[in-house]
Amino acid sequence: MTEHAAGGLRGDSAEGTIAGLIRHFAGRTVLVLGDVMLDRYVSGEVSRISPEAPIPVLRVTAARTSLGGAANVAHNVAALGARAILLGVVGSDDAGAEIGRLAASAAGPGIDARLVAAAHRPTTVKTRFTTGGAHQLLRVDDETTAPLDDKTAAELGRRFAQAVAESDIVVLSPNTI
């Protein structure tokens with residue numbers, strides 16, 4: 001690969017292609033630190049407007065959950081064939097447990113979720129209500145943006161120091177705590 005004048009990589013062989021670069025993920029360990037979220041998607045059909053307010057009435061036909069925020073980044077890293085270490089804070093609640101289950105079943109080598117469970121902090125959940133395939137009607141964010149308490153922050157720092165020593169790459173997901 002050669003350095004392109006604009007600062008990017010230009011490949012004259014397969015190594016310079018995205019596919020060639022992705023092959024380098026295999027066998028690597030990527031630490032992902034950031035805001036861990038659970039994404040919920042509730043979809044359905046709208047056939048009328050509410051008589052109570054001028055808003056659509058959604059008849060729910062399906063619902064699913066997926067990893068969001070830094071957890072989604074870790075999922076993508078694992079799907080590319082790397083070992084992902086996910087580090088972040090969740091609540092001691094059902095949503096935090098769901099993130100743990102989804103991370104354990106992730107693609108590729110999977111996600112080594114080293115989540116800090118905070119007893120008095122809810123897991124961030126973003127729920128999107130959609131209709132017509134992907135038309136989003138509403139998003140509800142259930143989260144707290146308050147700073148971490150000292151005990152949780154110290155535990156997160158301890159786990160980061162341990163995980164960074166095992167990692168080839170560190171990714172700080174946006175809104176990192």
Side-chain angles (χ1 to χ4, degrees), residues 25-45 58-131 133-177:
F25 269 80
R28 302 278 190 227
T29 299
V30 179
L31 169 59
V32 179
L33 170 67
D35 290 338
V36 175
M37 304 173 193
L38 182 66
D39 284 341
R40 287 190 177 134
Y41 297 89
V42 179
S43 59
E45 298 172 2
L58 181 71
R59 187 177 61 80
V60 176
T61 58
R64 67 178 178 88
T65 59
S66 66
L67 297 170
N72 183 51
V73 173
H75 182 264
N76 292 337
V77 164
L80 292 173
R83 174 179 170 240
I85 298 174
L86 174 61
L87 190 55
V89 176
V90 296
S92 296
D93 52 22
D94 290 341
E98 178 71 8
I99 289 171
R101 284 189 296 274
L102 289 169
S105 65
I111 299 172
D112 179 358
R114 300 183 187 180
L115 303 171
V116 178
H120 302 293
R121 186 180 191 94
T123 300
T124 297
V125 178
K126 303 213 177 213
T127 305
R128 293 163 180 86
F129 295 88
T130 63
T131 187
H135 180 74
Q136 189 168 313
L137 298 172
L138 174 70
R139 186 176 98 179
V140 176
D141 292 356
D142 183 10
E143 64 184 337
T144 182
T145 57
L148 297 175
D149 62 73
D150 291 342
K151 180 181 175 186
T152 303
E155 180 62 17
L156 188 63
R158 186 189 71 72
R159 291 185 191 192
F160 178 78
Q162 180 183 34
V164 77
E166 303 171 42
S167 303
D168 300 306
I169 301 165
V170 175
V171 174
L172 301 177
S173 187
N175 298 321
T176 300
I177 317 171

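Looking at heavy atoms from C-beta onward, Thr127 lies out of side-chain contact with Asp142 at the 4.5 angstrom threshold. Between Val30 and Ile85, the closest side-chain pair of non-hydrogen atoms is not below 4.5 Å. Val170 is listed as a side-chain neighbour of Phe160, based on a closest heavy-atom distance under 4.5 Å. Put simply, the side chain of Val42 does not reach to within 4.5 Å of the side chain of Arg128, judged on heavy atoms. The closest side-chain heavy-atom distance from Leu31 to Thr29 is not below 4.5 Å. With a 4.5 Å cut-off on side-chain heavy atoms, Phe129 and Val140 count as touching. Between Arg121 and Val89, the closest side-chain pair of non-hydrogen atoms falls below 4.5 Å. At least one side-chain heavy atom of Leu58 sits less than 4.5 Å from a side-chain heavy atom of Leu137.
Across all their heavy atoms, Ile99 and Leu67 have their closest contact at O-CD2, 3.8 Å. The two residues Asp93 and Pro122 make their nearest non-hydrogen contact at OD2-CA, 3.5 Å. Among all heavy-atom pairs drawn from Tyr41 and Ser66, the shortest one is CE1-OG, 3.5 Å. Ala117 and Ser92 make their closest contact through CB-OG, 3.7 Å (heavy atoms, listed as atom of the first residue, atom of the second, distance). Among all heavy-atom pairs drawn from Ile111 and Ala74, the shortest one is CD1-C, 3.8 Å. When all heavy atoms of Gly110 and Ala78 are compared, the pair lying nearest together is O-CB, 3.6 Å.
Side chain of Thr123 to main chain of Gly96: a donor-acceptor pair is present (N/O by atom type, distance under 3.5 Å, no hydrogens or angles). Formation of a donor-acceptor pair under 3.5 Å by the Ser167 side chain with backbone atoms of Ala163 is found in this model. Side chain of Asp112 to backbone of Ala84: no donor-acceptor contact under 3.5 angstrom is found. Judged by distance alone, the side chain of Thr131 and the main-chain N or O of Gly44 form a donor-acceptor pair under 3.5 Å.
With respect to Lys126 and Asp141, a salt bridge is recorded, a charged nitrogen being found less than 4.0 Å from a carboxylate O. The residues Arg40 and Glu98 are annotated as not salt-bridged, no charged nitrogen and carboxylate oxygen being separated by less than 4.0 angstrom. We find that Lys151 and Glu155 are not joined by a salt bridge, their nearest charged nitrogen and carboxylate oxygen being 4.0 Å or further apart.
For the atom pair CZ of Arg59 and OG of Ser43, the computed distance is 10.5 Å after rounding to the nearest 0.5 Å. Interatomic distance, NE2 of His75 versus CG of Leu102, reported as 8.5 Å (0.5 Å rounding). Leu115 CG to Leu87 CG: the interatomic distance, rounded to the nearest 0.5 Å, is 7.5 Å. In this structure, OG on Ser173 lies 8.5 Å from CG on Asn72, to the nearest 0.5 angstrom.
Just one residue in the list Arg28, Arg83, Arg159 forms a salt bridge (charged side-chain N to carboxylate O under 4.0 Å, His left out) with Glu166, and that residue is Arg83.
Applying the 6.0 Å contact sphere to CG of Asp94 captures no more than 12 heavy atoms from other residues, nucleotides or ligands.
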